[in-house]
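One structure below.
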Amino acid sequence: MSFITGQYTLTYDGYSLGQADNGFETEEPGMSGEKITGDNLGPYATQDGVYLPGDYFLSFTSLEYNAAGIRRLLSQPYVAQNATGTLITPGVSGVAGLPGQLWSSLAKVLVLTKVNQGVLNATPLVTRTCHAAILAPNFPIRYLMSPRHRKVPIRFQLLPTTVSNVLRYWTDLEA
């Protein structure tokens, strides 16, 4: 039996997003669904149900507002790039993004990598690769404009992607 624990680093689109205040939280939808009711047993009696998929999220609070990856993420979250990484439409921080963009066209690879601290334990090293992540819609990015330490809450929504002929939100690689 193995389990995931320990310190992690996170990269988004190949850029480090710095340190996390209190780790990374993955939010899975759990077992959600819709009841099937009918008139034969009364309007509120459950006869069966249908499991329905839900949304997956990854959240954390960054401790390093000035990390290059955070600046890139916050200043141009909705700017499209071509295959070579060249900006198709230049974006400017504080200016609205491109309307009508598919989320999947803006999604980037997000990688969580466990840091081996040289401590003996039974936990394998784990790399979790989220193949398509975007800044979560309707989640406000807040950052402090002050000489105090800047903590930036970030929430990503994970989108499903076909990997090795299986529709996945992420893949884990154990060492």
Side-chain angles (χ1 to χ4, degrees), residues 1-37 46-62 67-70 72-74 76-89 97-117 121-139 141 152-175:
M1 181 173 148
S2 65
F3 54 94
I4 300 174
T5 186
Q7 181 183 359
Y8 285 82
T9 61
L10 183 135
T11 60
Y12 182 71
D13 193 24
Y15 291 88
S16 172
L17 296 187
Q19 296 182 40
D21 183 30
N22 197 20
F24 302 93
E25 283 189 5
T26 301
E27 180 183 327
E28 300 183 24
M31 302 305 272
S32 61
E34 186 173 313
K35 292 181 182 181
I36 296 175
T37 59
T46 301
Q47 298 175 25
D48 205 341
V50 178
Y51 281 126
L52 300 170
D55 292 328
Y56 288 78
F57 297 92
L58 186 130
S59 303
F60 72 103
T61 299
S62 172
I70 290 289
R72 179 180 171 85
L73 176 70
L74 297 181
Q76 299 180 352
Y78 303 111
V79 175
Q81 298 180 359
N82 64 19
T84 64
T86 304
L87 296 178
I88 296 171
T89 304
L98 305 172
Q101 293 278 313
L102 285 175
W103 292 356
S104 58
S105 71
L106 302 171
K108 306 286 187 242
V109 175
L110 185 150
V111 180
L112 282 165
T113 305
K114 183 174 177 200
V115 176
N116 184 358
Q117 299 173 332
N121 61 34
T123 308
L125 296 176
V126 175
T127 298
R128 173 165 286 179
T129 302
C130 304
H131 303 279
I134 59 170
L135 283 174
N138 302 317
F139 183 78
I141 302 295
V152 183
I154 305 287
R155 182 176 168 112
F156 288 102
Q157 181 165 356
L158 309 179
L159 303 176
T161 303
T162 302
V163 178
S164 301
N165 295 320
V166 177
L167 194 61
R168 300 178 181 270
Y169 286 90
W170 63 72
T171 54
D172 287 339
L173 176 65
E174 296 186 20

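These numbers were taken from a predicted model, which means no experiment stands behind them.
A distance of 8.5 Å separates CD1 of Ile154 from OG1 of Thr61, quoted to the nearest 0.5 Å. The distance from atom CD of Glu34 to atom OG1 of Thr46, rounded to the nearest 0.5 Å, is 11.0 Å. A distance of 5.0 Å separates CZ in Arg128 from OG1 in Thr26, rounded to the nearest 0.5 Å. With rounding to the nearest 0.5 angstrom, the CG atom of Leu58 is 10.5 Å from the CD atom of Glu28. Remark: Thr127 OG1 to Leu112 CG distance equals 9.0 Å, nearest 0.5 Å. Note: Asn138 CG to Arg155 CZ = 10.5 Å, rounded to the nearest 0.5 Å.
The shortest non-hydrogen separation linking Leu17 to Tyr12 is CD1-CB, 3.8 Å. Heavy-atom minimum distance, Val109 versus Val111: CG1-CG2, 3.7 Å. Closest approach of Leu158 to Ala133, counting heavy atoms only: CD2-CB, 3.8 Å. Closest approach of Gly54 to Tyr169, counting heavy atoms only: O-OH, 3.6 Å.
Using cut-offs of 30° and 60° on the angle between ring planes, the pair Trp170 and Tyr56 is perpendicular.
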### Message
Run Trp103 and Gln157 through side-chain contact (heavy atoms from CB on, under 4.5 Å) and show every step you take.
### Response
CA-CA 10 Å; Trp103 292 356; Gln157 181 165 356; 3.9 Å; yes
### Task
Mind running side-chain contact (heavy atoms from CB on, under 4.5 Å) on Val163 and Thr129 for me, showing each step along the way?
CA-CA 11 Å; Val163 178; Thr129 302; over 6 Å; no
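Contact of the Leu159 side chain with the Ile134 side chain is registered, since non-hydrogen atoms from C-beta on lie closer than 4.5 Å.
A donor-acceptor pair under 3.5 Å is absent between the side-chain atoms of Tyr8 and the main chain of Ala20, judged by distance alone.
Ring-centre distance between Phe57 and Phe139: not below the 6.0 Å cut-off.
Scanning for salt bridge (Lys or Arg N to Asp or Glu O under 4.0 Å) contacts around Asp21 gives Lys151, with sequence neighbours left out.
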